[in-house]
**Student:** 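Please find one structure pasted underneath; my questions will follow.
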Amino acid sequence: MIETRTDTIALTDGTQLRLTVAEPENVVRGGLVVLHEDEGVTERIRIILAALAEEGWLTVAPHLYHGNGAAEPDSDAEEPWVAERVRGLSGDSLLADTDAAFVWLADRGVSGDRQGIMGFDIGGTAALVVAASRRLGAAVTVGGGGIVTPLSAGLPPLVEVAEEVSCPWLGMYGEMDSHIPPEEIDKLRSAASGAGAITDVVRYSRADHRFDTAPDSAEEAWRRARNWFDLHLR
């Protein structure tokens, strides 16, 4: 398994951004910005970065919580810490951090049409916000709330931005996920259908769509995500 590392870069506002990255051992076929789940850049995210790098993707995960409070903990975060960090996220901070990650990819020879974004949970919400604001090669969302009611005062409801997506976007959600009612997923699908790009919203019968688990739905979601990037990032 390819190892990950964490670098620190300076942003234009004087703050610093941590990037956890994984680099392919051979030819780089493209680059993916991976947005972490609610708890931050966990071991699960590092495994995903390494797995994508094994397939030739140069992967980079910005640590999104750097600008709104205490430093990210070294281990899995506790619920109060997570809730506070999520409430502090804004569209401006997400775009600044992901822009820096895209520049990091470009500096390593990955052109814009071969750059994609993928997010999990809060990162899934963020990935759709970014895909609606930037021109990318492709985007994948795995879970994430804020569809009708925004997750924070600084983020838009996803149904209001979905039709602005300009790159192929795949959204995957768990039907039984308690904080994402099925009717909200249907509203998101309807909104995304008005986008000027290919979109696909998939609702699984179980909430367990994490890619480090064994259920059939998780394996199918992982395969679908990889196929999406294979098809659209060329």
Side-chain angles (χ1 to χ4, degrees), residues 1-7 9 17-64 94 97-131 134 136-144 167-173 198 200 202 204 208-234:
M1 178 70 72
I2 291 175
E3 293 186 358
T4 64
R5 72 174 191 275
T6 299
D7 298 337
I9 63 173
L17 174 65
R18 297 171 70 197
L19 301 175
T20 294
V21 305
E23 301 188 36
E25 294 179 345
N26 297 307
V27 176
V28 174
R29 58 192 301 200
L32 299 176
V33 174
V34 178
L35 302 184
H36 60 69
E37 54 200 347
D38 300 22
E39 293 85 357
V41 178
T42 61
E43 182 60 24
R44 181 182 296 112
I45 294 299
R46 294 184 179 92
I47 290 172
I48 290 171
L49 291 173
L52 291 169
E54 290 279 0
E55 299 190 4
W57 301 107
L58 178 59
T59 55
V60 53
H63 294 232
L64 300 176
L94 290 176
D97 291 349
T98 53
D99 283 351
F102 289 127
V103 169
W104 187 91
L105 290 173
D107 287 345
R108 284 151 184 81
V110 181
S111 58
D113 60 337
R114 294 189 300 127
Q115 293 181 4
I117 194 166
M118 184 179 198
F120 301 84
D121 297 331
I122 179 61
T125 302
L128 182 50
V129 172
V130 174
R134 297 291 187 263
L136 308 172
V140 172
T141 287
V142 184
C167 69
W169 171 66
L170 169 64
M172 295 183 287
Y173 298 87
I198 299 170
D200 188 13
V202 181
Y204 289 96
D208 191 359
H209 46 255
R210 293 183 183 277
F211 289 164
D212 63 337
T213 56
D216 291 342
S217 59
E219 294 180 0
E220 199 278 334
W222 179 232
R223 181 170 56 252
R224 188 185 292 264
R226 289 154 56 206
N227 289 343
W228 193 261
F229 290 127
D230 288 344
L231 177 63
H232 297 293
L233 295 183
R234 295 185 174 183

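By convention here, the first residue in the shown sequence is residue 1.
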**Student:** Run the salt bridge (charged side-chain N to carboxylate O under 4.0 Å, His left out) test against E54 and tell me which residues pass, sequence neighbours left out.
**Tutor:** none

**Student:** If only atom types and distance count, is the side chain of R29 paired as donor or acceptor with the main-chain N or O of D230 below 3.5 Å?
**Tutor:** no

**Student:** At their closest point, which heavy atom of L49 faces which heavy atom of A22, and how far apart are they?
**Tutor:** O-CB, 3.6 Å

**Student:** Do V33 and Q115 have side chains that get closer than 4.5 Å, going by heavy atoms?
**Tutor:** no

**Student:** Of all heavy-atom pairs between A138 and H232, which one has the smallest distance, and what is that distance?
**Tutor:** CB-CB, 3.8 Å

**Student:** Would you sort out whether F229 and M118 count as a side chain to side chain contact (heavy atoms under 4.5 Å, CB included), showing the intermediate values?
**Tutor:** CA-CA 10 Å; F229 290 127; M118 184 179 198; 4.0 Å; yes

**Student:** Looking at every non-hydrogen atom in both residues, tell me the closest pair between M1 and A50 and how far apart they are.
**Tutor:** SD-CB, 3.3 Å

**Student:** Show your reasoning for whether side chain to side chain contact (heavy atoms under 4.5 Å, CB included) applies to R134 and I117.
**Tutor:** CA-CA 11 Å; R134 297 291 187 263; I117 194 166; over 6 Å; no

**Student:** Can you find a pair of side-chain heavy atoms, one from L32 and one from L233, that are under 4.5 Å apart?
**Tutor:** yes

**Student:** Please find the pair of heavy atoms, one from A126 and one from L35, that lie closest to each other, and give the distance.
**Tutor:** CB-CD1, 3.6 Å

**Student:** Quick one: pull up CH2 in W222 and CE in M172 and give me the separation to the nearest 0.5 Å.
**Tutor:** 9.5 Å

**Student:** When rounded to the nearest 0.5 angstrom, what is the spacing between CG in L128 and CH2 in W169?
**Tutor:** 5.0 Å

**Student:** Keeping the roles fixed (side chain from D38, backbone from I122), state whether a donor-acceptor pair exists under 3.5 Å.
**Tutor:** yes

**Student:** Please find the pair of heavy atoms, one from Y173 and one from G144, that lie closest to each other, and give the distance.
**Tutor:** CE2-O, 3.6 Å

**Student:** Roughly how far, to the nearest 0.5 Å, is CG of L19 from OG1 of T59?
**Tutor:** 11.0 Å

**Student:** Could you state the interatomic distance from OG1 (T141) to CG (D121), rounded to the nearest 0.5 Å?
**Tutor:** 11.0 Å

**Student:** A side-chain contact here means heavy atoms from C-beta on lying under 4.5 Å apart; do T20 and I45 qualify?
**Tutor:** no

**Student:** Are any of the side-chain heavy atoms of E220 and Y204 separated by less than 4.5 Å?
**Tutor:** yes

**Student:** Return yes if a side-chain donor-acceptor contact under 3.5 Å exists between T42 and H36, otherwise no.
**Tutor:** no

**Student:** Applying salt bridge (charged side-chain N to carboxylate O under 4.0 Å, His left out), name anything that partners D200, two or more places apart in sequence or on another chain.
**Tutor:** R224

**Student:** Minimum heavy-atom separation for A131 to L136, with atom names?
**Tutor:** CA-CD1, 4.2 Å

**Student:** Begin from the C-alpha positions of W57 and V34 and carry the test side chain to side chain contact (heavy atoms under 4.5 Å, CB included) through to its verdict.
**Tutor:** CA-CA 11 Å; W57 301 107; V34 178; over 6 Å; no

**Student:** For V41, does its backbone N or O pair with a side-chain atom of R46 as donor and acceptor, under 3.5 Å?
**Tutor:** yes

**Student:** How far does CG of L52 sit from CZ of R226, to the nearest 0.5 angstrom?
**Tutor:** 8.5 Å

**Student:** How long is the span from the CD1 atom in I48 to the CD atom in E43, to the nearest 0.5 Å?
**Tutor:** 10.5 Å

**Student:** Measure the shortest side-chain to side-chain distance between T6 and H63 over non-hydrogen atoms and say whether it is less than 4.5 angstrom.
**Tutor:** yes

